[in-house]
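Take a look at the following structure, please.
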Amino acid sequence: MPQITVTVDGNTATTEGTIIRDVIKNKRVVAARVNGDLVDLSAPLSDGQAIETIDLDSDEGVHIIRHSTSHVMAEAVKLLFPDARPTIGPSTEDGFYYDFDRAETFSSEDLEKIEKKMEELVSQDLPFIRKEMTSQDAISFFREKGEPYKVEIISDLGDDLGTVSLYEQGTFVDLCRGPHVPSTGYLKAFKLLSVAGAYWRGDEKNKMLQRIYGTAFSSPKALKQYLNFLEEARKRDHRKLGRELELFMQSDDIGPGMIVYMPKGGRLRTLIEDFEKKIHFKRGYDIVYGPSILRGKLWETSGHMDNYKENMYFTEVDGQLYGIKPMNCLSHILIYKSKVRSYRDLPLRYFELGNVTRHEKSGVIHGLMRTRQFTQDDAHIFCRPDQLIDEITAIINLVEEVMAIFNFEYEMEISTRPAKSIGSDEDWEMATKALMDSLEKKGLPFEINEGDGAFYGPKIDVKIKDAIGRSWQCATIQCDFSLPERFDTHYVGADGGKHRPVMLHRVILGSIERFIGVLIEHFAGAFPVWISPVQAVIMCITDAQAGYAEQVADELRKNDVRVELDVRNEKIGYKIREARLQKVPYMIVIGDKEMGDQTITVRERSGEQETMTLAEFTAIVKNAEPVI
RNA sequence: GCCAGCGUAGCUCAGUGGUAGAGCAGCUGAUUCGUAAUCAGCAGGUCAAGGGUUCAACCCCCUUCGCUGGCUCCA
């Protein structure tokens, strides 16, 4: 055998072997990277090759484990339910899924059976074997096996591919690019989680398949950690906390997708809205208000009738059609048009905490995150084309600033022209470029979301995550050349001629409802002091101090500290327990000592406490306000 | 809208054909107590709604409404 010399993670190694596994004996290695491509450990070795190992705990390693687990699940499903037709089964950010077409539905007992079968397959330590075939051979192979979905996938890959790769383990063969772990024995920690419907190829016109979700990790310990995380996340669910903390409610009597703010939620919302008004005034926005219903004709002019009708509600007033607003832009455009604008007036920035109503499909409604009526911190900026980049940059700065105040991490995306849209190609291109340039100028990373823009223009979306990692769009910045055109909006330029302004639609928090939902989950209900509906609960040890406790409450209220008084005939431990469950930031304990010294003992969420004067405590609370 | 699961007291949940049960919360009384639950008593439900099967339905069947997890769509 000839000697082969390769480098493994930069170290030179020699072998007489023929495949990568011959030089890598480490059981923690699940795959390798050669020339930038991920390959199996069974891939051939060649002299002088540089090999990078993929550890089972690395991001890529975990993805490979999950992907291999999905194959094992598919094998288990085929063995138990031979009528199930496998379709696709990728790894995901926190697990994997596999979609099957089957007449019968999978029950939770079926999942248990499948999981058992998977364990059997793992204990057999079946090797994953890669095979290559021409597309034609692969098509006839899957056709013979009665797997039409695989045939469709290969056919759609096109003829230029030549060969495709298949992976076989045990009795199961799947079309797959790989790589996979060397054998099923590597899969030591997995769990099936749920069944859900999913359209074939993600298109609602196609057949609905059954998707089995599962997750897998490199070790049982890591799996357990993840399952713990899920359990903890459920405790942070904003719907649960919203009820427990008496922030908001929903009611069957009112209807789905509608939110009722209870006193504490109302206070939280007011605090956020006051913050928003302040921050917008300071940045040169004007606050305006528009009506909720506007004539049908206006929605025709705007293009909503053609592009957004199915999401709108309509009503009739004195025999005339009115549309209930799903967006706030129209009133703002009319304000702009209410008089002749000079180039010197621009930019004009109209801000509205606008309550909008949209007909969302019944299945998508979700607590505060997705409602049928919500309030946007909406603004429309009318500017000259030469001001566009500066305005977009200022908005991005505002987003960064606000997200930092709330301590949120976020991701940005640019969405381009959708199929159903208005406006010229040139305008779309110009607008998309303006958005990209602004982000690039600031050096911010972003993803491109093809065809996901609003019907009137492209947009930058800012997404933040909820307790279990689902992304929700908050801020969005949309560039619009179309509505100014449709409403024949203009300003008088330095040359005395008419010019078309550009319009920016933008929200920072997005929907106040959604934002509060994410806020609740982010802080697990333990809000920062400045937005806590109740900042302190004042509690006396016995009735003897009730009078002093009331004085303390009055004094703090006078100083704008949001307090509640607990003078019930209960033990202090009971009162503290309740205040803790309500996630109140400060507990003020008053006994004979405090009453004698005219002080208060302030206990924090952490359990630490300190005795101080009322003035000292007021200063602490005031200092918690963000500087804006 | 689609697929699946679910809907019992304010909340969390028992109850698989013989007309409903617990804990917490609530109310009343006793207790006046220094850092996550003091004790006792009382009250609370057309079992989501409508229809059907049955001598009898919370339980089985159908329809509708709502909720949950996904898919599609979106702030």
Side-chain angles (χ1 to χ4, degrees), chain A residues 97 99 105-108 110 193-213 234 237 239-240 243-244 246 249-257 308 310-311 326-328 354 356 358-378 415 418 452 454 459 461-464 468 470-476 478 505-515 517-518 539-546 567-581 587-594 601 603 607-609:
Chain A
Y97 64 80
D99 289 348
T105 59
F106 290 112
S107 67
S108 44
D110 291 340
L193 298 171
S194 60
V195 193
Y199 298 108
W200 167 234
R201 299 203 148 174
D203 189 334
E204 66 180 322
K205 289 184 196 78
N206 289 343
K207 182 163 189 184
M208 181 152 279
L209 310 168
Q210 294 185 71
R211 174 170 298 178
I212 302 180
Y213 278 97
R234 270 190 277 276
D237 190 309
R239 293 162 299 187
K240 180 175 155 70
R243 188 172 50 237
E244 289 171 359
E246 294 178 17
M249 59 176 279
Q250 292 181 272
S251 159
D252 287 4
D253 296 328
I254 292 170
Y308 207 74
E310 55 280 15
N311 287 299
M327 298 181 191
N328 302 300
V356 296
R358 300 181 182 176
H359 177 73
E360 299 294 341
K361 289 179 181 175
S362 60
V364 305
I365 288 167
H366 181 90
L368 291 176
M369 304 299 198
R370 192 84 180 264
T371 60
R372 283 186 171 153
Q373 200 168 72
F374 57 99
T375 302
Q376 292 181 305
D377 60 335
D378 204 2
S415 296
D452 217 25
K459 55 182 188 165
D461 287 332
V462 178
K463 300 196 167 178
I464 54 185
I468 60 171
R470 286 180 292 213
S471 276
W472 296 96
Q473 184 179 313
C474 284
T476 176
Q478 311 179 344
H505 308 239
R506 47 108 285 183
V507 291
I508 304 298
L509 304 184
S511 136
I512 304 293
E513 281 71 11
R514 176 178 291 181
F515 185 77
V518 178
M539 43 188 87
C540 50
I541 303 283
T542 71
D543 287 351
Q545 304 92 30
V567 291
R568 292 174 302 172
N569 176 12
E570 293 290 354
K571 290 186 178 177
I572 195 69
Y574 184 86
K575 296 180 184 181
I576 284 175
R577 176 184 148 82
E578 257 186 26
R580 291 209 59 141
L581 291 173
M587 281 150 266
I588 294 177
V589 177
I590 290 176
D592 283 337
K593 253 185 294 171
E594 288 80 3
T601 293
R603 182 192 155 119
E608 277 178 48
Q609 57 181 23

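Letters A, B, ... are given to chains in the order of the sequence lines, protein chains preceding strands, and every chain is numbered from 1. Only heavy atoms go into these numbers, but all of them, side chains included; no hydrogens, no water, no symmetry mates.
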Query raised in the report: Looking only at atom C1', what distance separates rA14(B) and rG23(B), rounded to whole Å?
Result: 11 Å
Requested in this report: Show the numbers, then the answer: is there a side-chain hydrogen bond (donor to acceptor under 3.5 Å, both in side chains) between Thr601(A) and Gln609(A)?
Outcome: CA-CA 7 Å; Thr601(A) 293; Gln609(A) 57 181 23; over 6 Å; no
Query raised in the report: Reading nucleotides 59-75 of chain B from the 5' end, what letters show protein touch, with B for base, S for backbone sugar-phosphate only, - for no heavy atom under 4.0 Å?
Result: -------SSSBBBBBBB
**Report entry** Check: Lys459(A) side chain, His505(A) main-chain N or O, donor-acceptor pair, under 3.5 Å
**Finding:** no
Query raised in the report: Which value, in whole Å, describes the distance between the P atoms of nucleotides rU16(B) and rG29(B)?
Result: 40 Å
Report summary line: Its contact letters, B for base, S for sugar-phosphate only and - for none at protein heavy atoms under 4.0 Å, make nucleotides 33-42 of chain B read BBBBBB----
Query raised in the report: Mind checking whether Val356(A) and Phe374(A) have side chains closer than 4.5 Å, heavy atoms only?
Result: yes
Query raised in the report: rG41(B) and rG7(B): how far apart are their C1' atoms, nearest whole angstrom?
Result: 33 Å
Report summary line: In whole angstroms, the gap separating P of rA30(B) from CG of Asp543(A) amounts to 12 Å
Query raised in the report: Among Arg239(A), Lys240(A), Arg234(A), which one satisfies salt bridge (charged side-chain N to carboxylate O under 4.0 Å, His left out) with Asp237(A)?
Result: Arg239(A)
**Report entry** Pairwise C1' distance for rU68(B) and rA57(B), with rounding to whole Å
**Finding:** 26 Å
Query raised in the report: Can you tell me how far P in rG15(B) sits from the matching atom in rG44(B), rounded to whole Å?
Result: 25 Å
Query raised in the report: Who are the side chain to side chain donor-acceptor pair (under 3.5 Å) partners of Asn206(A), not counting sequence neighbours?
Result: none
Requested in this report: For Thr476(A), enumerate each residue passing the side chain to side chain donor-acceptor pair (under 3.5 Å) test, keeping only those at least two apart in sequence or located in another chain.
Outcome: Asp461(A), Gln478(A)
Query raised in the report: Between the side chain of Lys575(A) and the main-chain N/O of Cys540(A), is any donor-acceptor distance below 3.5 Å?
Result: yes
Query raised in the report: salt bridge (Lys or Arg N to Asp or Glu O under 4.0 Å) with Glu608(A): which residues, sequence neighbours excluded?
Result: none
Report task. Considering only atom P, compute the distance from rU64(B) to rA37(B) and round it to an integer number of Å. Result -> 50 Å
Query raised in the report: Residues in salt bridge (Lys or Arg N to Asp or Glu O under 4.0 Å) with Arg201(A), at least two apart?
Result: Glu152(A), Asp156(A)
**Report entry** Expected output: side-chain Arg211(A) to main-chain Ala196(A) donor-acceptor under 3.5 Å
**Finding:** no
Report task. Provide the distance between the two P atoms, one in rG21(B) and one in rG70(B), to the nearest whole Å. Result -> 38 Å
Report task. Taking side chain to side chain donor-acceptor pair (under 3.5 Å) as the test, write out the residues that go with Arg514(A), two or more places apart. Result -> none
**Report entry** Euclidean distance for C1', rG50(B) against rG66(B) (whole angstrom)
**Finding:** 15 Å
Requested in this report: Sugar-phosphate means primed atoms, P, OP1 and OP2; the rest is base. With that split, encode nucleotides 10-15 of chain B 5' to 3' as B, S or - using protein heavy atoms under 4.0 Å.
Outcome: -SS---
Query raised in the report: What stem regions, each of at least 3 consecutive Watson-Crick or G-U pairs below 3.5 Å, can be found for RNA chain B?
Result: B:1-7 with B:65-71, B:10-13 with B:21-24, B:26-30 with B:38-42, B:48-52 with B:60-64
Requested in this report: Can you run down the salt bridge (Lys or Arg N to Asp or Glu O under 4.0 Å) pairs that involve residues 365-377 of chain A, sequence neighbours left out, and say none if there aren't any?
Outcome: Glu360(A)-Arg370(A)
Query - Which residues share a ring-ring contact (aromatic ring centres under 6.0 Å, His included) with Tyr97(A), sequence neighbours left out - result: Tyr213(A)
Query - With sequence neighbours excluded, residues passing side chain to side chain donor-acceptor pair (under 3.5 Å) with Asp110(A) - result: Ser107(A)
